[in-house]
Amino acid sequence: MPRFTSALARTAGPLALAVACLAGVAPQSAQAASIATWDKVADCESSGNWSINTGNGYYGGLQFNLSTWKGYGGGQYAAYPHQATKQQQILIAEKVLAVQGQGAWPVCGPKARLAADRANPYPDGSGPVTPPQPESKTLTWYLSDSASSTTATRASFAFGSTPLVPLAGDFDGNGTDTQAAYDPTTSTFYLANSGSAAEATLTFGNPGNRPVLGRWDGTTSQIGVYMPDSGKFYLRNSDGSVNSFAFGNGGDWRPVSGDWDGNGTVTVGLYDPATSTFYLRNSNTAGGADQTITFGNPNSIPLAGDWDHTGHTNIGVYMPDNHTFYLRHDDGTVTATSYGDSGDTPITGDWNGDGYATQGIVHT
């Protein structure tokens with residue numbers, strides 16, 4: 001089994017310093033919030049509709065995604081957040097708030113002053129004071145070697161469990177992407193070269209950050225986070241140094257990464273789910289977008305990969321409502337492939353090292 005390069009294996013020293021630097025901007029977690037404050041969050045997130053399901057992958061008044069709902073114990077109430085009562089949704093939100101702070105709702109949390117509230121939403125005993133403990137579900141991966149395949153072409157395997165976020169990267173430089181996962185509650189990355197066990201565990205960033213991976217210095221895939229409250233990226237290089245810079249508007253924008261100009265270095269990008277717009281930067285520095293591309297429908301899930309084996313990363317989206325991948329190629333054409341089921345998480349990578357990025361899904 002191949003081992004990690006020394007740069008990724010060094011978890012003491014530079015990484016510890018990097019975490020210390022980031023800790024100074026950690027969001028302050030509230031332990032509880034009143035029903036009135038949760039109503040304000042819901043008004044902002046869903047116009048106060050506690051049973052909303054628009055097919056965008058987010059459910060209920062507080063717009064949980066399914067992995068968060070399950071990971072924090074919502075499955076004991078209902079299969080999907082919008083099927084649960086308002087009280088049940090608030091109880092799960094209390095658990096998320098206690099761990100991740102108001103950054104779990106990066107726009108609506110601060111707007112509702114969620115961090116400033118400390119009230120028990122159910123002081124009369126109509127609900128438990130302590131929200132239920134998270135219900136952990138195994139993450140099962142199904143990967144395809146062909147962008148046109150509608151079924152898995154590799155044996156399924158388990159790696160990680162909820163509430164971990166699935167990721168992929170080339171961590172040993174052999175040209176093949178392998179699985180990884182990020183725990184948003186502890187800011188911890190779990191990276192694997194092969195098999196079902198993590199071979200490197202790295203803590204980086206703050207709870208509520210959004211993970212991103214890339215060859216920031218042209219070597220192996222390295223870790224990074226995007227802080228939605230500040231609109232800043234923090235990228236860890238192979239030598240342990242950290243590059244931080246502001247890009248985009250923060251809030252609900254989702255980080256992506258790729259070699260957008262084909263120069264051999266991976267840089268960051270952002271996707272605005274409200275407008276289906278990608279903002280791509282050709283250097284990991286502060287500044288404006290070098291490319292702005294509108295693609296997909298509102299609230300699609302952004303994707304990136306070299307679908308054409310040209311050394312140039314292209315964009316794509318996954319639409320949860322019809323569980324379909326839409327991949328945009330160099331010539332402007334788009335391939336659409338239905339893959340997976342409702343509630344699955346999309347993932348892309350070069351799974352067999354042939355230079356072509358293809359799709360996969362992670363099921364809970």
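Nearest heavy-atom pair across Pro273 and Ser300 is CB-O, 4.4 Å. Between Ser244 and Lys232, the shortest heavy-atom contact is OG-NZ, 4.4 Å. Nearest heavy-atom pair, Val242 versus Phe204, reported as atom, atom and distance to 0.1 Å: CG2-CE1, 3.9 Å. Taking every heavy atom of both residues into account, Asn206 and Met227 meet most closely at ND2-CE, 3.2 Å. When all heavy atoms of Asn243 and Asn284 are compared, the pair lying nearest together is ND2-O, 2.8 Å.
Shown are Asn237, Thr267, Asp170, Asp259; of these, the side chain to side chain donor-acceptor pair (under 3.5 Å) with Arg215 is made only by Asp170.
Using a 4.5 Å heavy-atom threshold, the side chains of Thr345 and Ile301 count as separate. With a 4.5 Å cut-off on side-chain heavy atoms, Val41 and Leu114 count as touching. Contact check for Leu62 versus Cys108: no side-chain heavy atoms found under the 4.5 Å cut-off. In this structure, the side chains of Ser156 and Trp141 stay at 4.5 Å or more apart for every pair of heavy atoms.
Checked for salt-bridge contact, Asp330 and Arg328 miss the test: no charged N lies under 4.0 Å from a carboxylate O. Under the 4.0 Å criterion applied to side-chain N and carboxylate O atoms, Asp217 and Arg236 are not assigned as salt-bridge partners.
Relative orientation of the Tyr142 and His363 rings is perpendicular, given thresholds of 30° and 60° on the angle between their planes.
In this structure a side-chain-to-backbone donor-acceptor pair under 3.5 Å is missing from Asp308 to Thr310. Side chain of Asn282 to main chain of Asp290: no donor-acceptor pair is present (N/O by atom type, distance under 3.5 Å, no hydrogens or angles).
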Where do Asn65 and Thr68 land on the side-chain hydrogen bond (donor to acceptor under 3.5 Å, both in side chains) test, with the steps shown first? CA-CA 6 Å; Asn65 63 37; Thr68 299; 2.9 Å; yes

For the pair Asn352 and Arg154, evaluate side chain to side chain contact (heavy atoms under 4.5 Å, CB included) and give the outcome as yes or no after the intermediate values. CA-CA 10 Å; Asn352 60 8; Arg154 290 169 172 254; 3.0 Å; yes

Side chain to side chain contact (heavy atoms under 4.5 Å, CB included) evaluation trace for Tyr58 with Leu66: CA-CA 7 Å; Tyr58 295 86; Leu66 194 56; over 6 Å; no

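Both Val99 and Trp38 sit in one connected hydrophobic cluster of ILVMFWY residues. Membership requires side-chain heavy atoms under 4.5 Å apart, directly or through other members. Val266 and Val268 end up in the same hydrophobic cluster when Ile, Leu, Val, Met, Phe, Trp and Tyr side chains are linked at under 4.5 Å. If you chain together hydrophobic residues whose side chains sit under 4.5 Å apart, Tyr318 and Leu213 never meet in one group. Taking hydrophobic clusters as Ile, Leu, Val, Met, Phe, Trp and Tyr residues chained together by side-chain heavy-atom distances below 4.5 Å, Trp260 shares a cluster with Tyr271. The hydrophobic clustering, which links ILVMFWY residues whose side-chain heavy atoms are closer than 4.5 Å, places Tyr279 and Val256 apart.
Between the side chains of Thr335 and His329, at least one donor N or O sits under 3.5 Å from an acceptor N or O. A side-chain donor-acceptor contact under 3.5 Å links Ser338 and Thr324.
Within 6.0 Å of the NZ atom in Lys111, the count of heavy atoms belonging to other residues, nucleotides or ligands does not exceed 12.
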